[in-house]
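Written out below as structure tokens is the structure these notes cover.
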Amino acid sequence: MKKDWPFKDPENVIALTLRDVMEDNLPILLVTHDAEDGCWQFLDGRDNPDPKVGIVVCLGHIVEYDPSIRELADLPLGWRAWRATPAEPWQREEMEPEAEGESENQN
């Protein structure tokens with residue numbers, strides 16, 4: 001791990017993004033740090049992206065692609081950050097927790 005690496009997770013930790021971000025150079029406009037599994041997601045901000053365009057990358061690759069992601073290294077589990085354009089600052093908020101046992105109680 002590099003000395004100036006700002007994340008608690010290592011550079012090679014798995015992260016999720018969209019093929020459109022990495023291949024078509026769309027900007028990352030939404031970042032989530034999932035409470036359930038600690039997974040990082042780096043998305044283009046669209047509502048309900050097709051899971052078929054999701055790809056697995058390493059966190060280090062995302063930081064190389066967009067160095068402004070370093071600003072989110074302290075984003076807590078269960079939080080998200082967003083911006084309208086890459087020129088704007090990141091905004092942050094805690095995400096609503098998903099209802100536990102929701103599918104189990106539908107009997």
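In this chain, residues are counted from 1 in sequence order. Because only heavy atoms are used, hydrogens play no part in the values below, and waters and symmetry mates are left out as well, while side chains stay in.
By the 30° and 60° cut-offs, the orientation of the rings of Trp40 relative to Phe42 is parallel.
Proximity of Ile55 to Glu23: side-chain heavy atoms (C-beta onward) are nowhere separated by under 4.5 Å. Counting heavy atoms from C-beta outward, Leu59 and Glu11 have side chains that stay 4.5 Å or more apart. Side-chain contact between Leu29 and Pro86 is present, with heavy atoms from C-beta onward closer than 4.5 Å.
The two atoms that bring Val21 and Leu43 nearest to each other are CG2-C, 4.5 Å, heavy atoms only. Scanning all heavy atoms of the two residues, the minimum distance from Trp5 to Val63 falls at CH2-CG2, 3.7 Å. When all heavy atoms are compared, the tightest approach of Trp90 to Ile28 is CH2-O, 3.5 Å.
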*Derivation of the side-chain contact (heavy atoms from CB on, under 4.5 Å) call for Thr32 and Gln41*: CA-CA 5 Å; Thr32 65; Gln41 295 187 45; 3.2 Å; yes
*Is there a side-chain contact (heavy atoms from CB on, under 4.5 Å) between Arg80 and Glu93 once you walk through the steps?*
CA-CA 6 Å; Arg80 67 179 161 209; Glu93 71 179 359; 2.5 Å; yes
*Let me see the working for Val31 and Arg92 under side-chain contact (heavy atoms from CB on, under 4.5 Å), right down to the final yes or no.*
CA-CA 9 Å; Val31 175; Arg92 300 168 179 230; over 6 Å; no
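Under the side-chain hydrogen bond (donor to acceptor under 3.5 Å, both in side chains) criterion, Arg83 pairs with Asp66, Ser68, sequence neighbours left out. Evaluation of the side-chain hydrogen bond (donor to acceptor under 3.5 Å, both in side chains) rule for Gln91 yields no partner, not counting sequence neighbours.
Using a cutoff of 4.0 Å between basic side-chain nitrogens and carboxylate oxygens, Asp20 and Arg46 are scored as salt-bridged. Here Asp74 does not pair with Lys8 in a salt bridge; the nearest charged N to carboxylate O distance is not below 4.0 Å. Comment: Arg19 does not engage Asp44 in a salt bridge, judged by the lack of any side-chain N to carboxylate O separation of less than 4.0 angstrom.
Rounding to the nearest 0.5 Å gives a distance of 7.0 Å between CZ of Phe7 and CD1 of Ile69. Taken from CG in Asp9 to SG in Cys58, the straight-line distance is 12.0 Å, to the nearest 0.5 Å. The distance from the CH2 atom of Trp82 to the CD atom of Glu88 is 11.5 Å, given to the nearest 0.5 Å.
Under the 4.5 Å side-chain heavy-atom criterion for grouping Ile, Leu, Val, Met, Phe, Trp and Tyr, Ile62 is not connected to Leu16 through any hydrophobic cluster. Cluster annotation: Ile14 and Met22 are assigned to distinct hydrophobic clusters (Ile/Leu/Val/Met/Phe/Trp/Tyr, side-chain heavy-atom contacts under 4.5 Å, transitive). In the hydrophobic clustering of this structure, Val13 groups with Leu72; members are Ile, Leu, Val, Met, Phe, Trp, Tyr whose side-chain heavy atoms approach within less than 4.5 Å, directly or through other members.
Remark: the backbone N or O of Gly60 is not paired with any side-chain donor or acceptor of Tyr65 at under 3.5 angstrom.
Connectivity analysis of hydrophobic side chains (ILVMFWY, heavy atoms under 4.5 Å, direct or indirect) links Leu77 to nothing; its cluster partners are none.
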